[in-house]
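Structure first, commentary second.
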Amino acid sequence: MIVGDSKPLEEILEMIRDKGKVLVLGCRGCVTVCNVGGEKEVGILATALRIAVKKQGWQTEIGERTLERQCDPEYIEELADDIEDYDAVVSIACGVGPQFVSERFPEIRVYPGINTTFIGGALEHGVWVERCQSCGNCLVHHFGGLCPIARCSKSLMNGPCGGSANAKCEIDPNVDCVWHLIVEKMEKMGRLQELAEVWPVKNWLTSRDGGPRKRVREDLKQ
Amino acid sequence: MRLQYPTNVRVIQLPCSGRVDILHLLRSFEDGADGVYVAGCMEGDCHFLTGNLKARRKVEYVKKVLEALGIEPERIEMFNMSSAEGPRFAQVAREFTETIRGLGPSPVPKAKAA
Ligand code: SF4
Ligand code: SF4
Ligand code: FES
């Protein structure tokens with residue numbers, strides 16, 4: 001899923017200052033799963049904003065709504081019925097949400113209420129880790145199921161580097177050296193010799209280096 | 001059991017302090033409460049094992065929200081007490097009421113009665 005962090009309340013308050021009516025807009029997708037932008041968080045953020053509004057004596061009204069997804073025009077369209085009542089939208093979906101909302105309703109000011117951080121998974125309730133960098137050419141099966149691109153600080157294809165010490169990465173003793181894990185795992189699987197193969201420089205054109213990506217499926221297009 | 005505790009304290013009963021919700025804690029401040037405290041069982045004595053530890057973390061979260069809004073974080077607290085300790089319940093109610101009196105009314109205006 002896409003993982004994010006709430007923006008500081010002070011920053012959001014600055015966004016909505018002077019606005020008459022503000023909609024806090026959640027998403028039932030990834031951000032619900034990582035507890036940052038679902039219906040529950042919409043309620044918490046909207047309530048915190050209402051407390052601030054009352055305290056400051058502002059006249060701002062705060063509305064709440066949560067869409068099935070904000071990365072799909074079909075659901076964004078549901079806003080059409082009453083969006084013109086609002087002066088601003090604070091979207092707490094990933095960065096796709098505020099962009100899709102403002103593309104569809106260009107006359108409305110749309111603000112991101114969260115910082116989108118990474119593609120990852122939950123290790124336990126309340127703990128998320130980065131696991132994929134959407135490089136566009138997945139190779140994890142060559143590395144014992146571990147991704148050296150997302151999990152090695154230097155995205156080395158032929159690791160580890162000299163900074164690996166006691167299974168930790170040199171950037172931070174709390175960060176696992178994924179190359180240490182890869183070697184251990186491959187050894188356990190009896191596949192260590194596969195790591196002797198030297199990987200050529202990765203073609204990053206499938207990643208962001210090839211510019212913004214677009215995917216078209218002719219079989220699905222209407 | 002009849003106990004004397006300040007009449008300004010409004011008690012909301014929950015099966016376990018862990019059931020308390022960040023949203024509800026915030027809503028009480030939205031409605032103009034001057035202070036809120038959560039009373040849970042002694043640590044280690046929760047019938048649901050960790051309810052009171054979770055409640056404490058939620059209270060900590062709300063403290064941070066209040067702070068960001070420029071409201072004294074002392075307006076929300078978590079207290080642990082044994083369910084057999086009636087007098088301690090009354091004492092906490094009195095002490096917390098005093099703390100809040102010291103802070104004065106909440107900077108959030110009370111909802112006007114219609
Ligand atoms: S808008 Fe973002 S957070 Fe919501 S479902 Fe789509 S990708 Fe996930
Ligand atoms: S190899 Fe690429 S696609 Fe596969 S997990 Fe790593 S970054 Fe993601
Ligand atoms: S039963 Fe969980 S705090 Fe009392």
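Letters A, B, ... are given to chains in the order of the sequence lines, protein chains preceding strands, and every chain is numbered from 1.
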message: With a 6.0 Å cut-off (strictly less than), is the heavy-atom count around NZ of B:Lys64, excluding the residue itself, greater than 12?
response: no
Sub-4.5 Å side-chain heavy-atom contact between B:Leu69 and A:Leu13: yes
field: Exceeds 12 heavy-atom contacts within 6.0 angstrom, atom CG of A:Asp81
entry: yes
message: Counting only heavy atoms not in A:Arg131 (residues, nucleotides, ligands), do more than 12 fall under 6.0 Å from its CZ?
response: yes
message: Return the CD to NZ distance between B:Glu30 and A:Lys55, rounded to the nearest 0.5 Å.
response: 15.0 Å
- prompt: Going by heavy atoms in the side chains, are B:Leu23 and A:Lys40 under 4.5 Å from each other?
  reply: no
statement: Most heavy-atom pairs under 4.5 Å with chain B, out of A:Val53, A:Leu9, A:Thr47, A:Leu49, belong to A:Thr47
message: With a sphere of 6.0 Å drawn around CZ of B:Arg10, does it hold more than 12 non-hydrogen atoms of other residues, nucleotides or ligands?
response: no
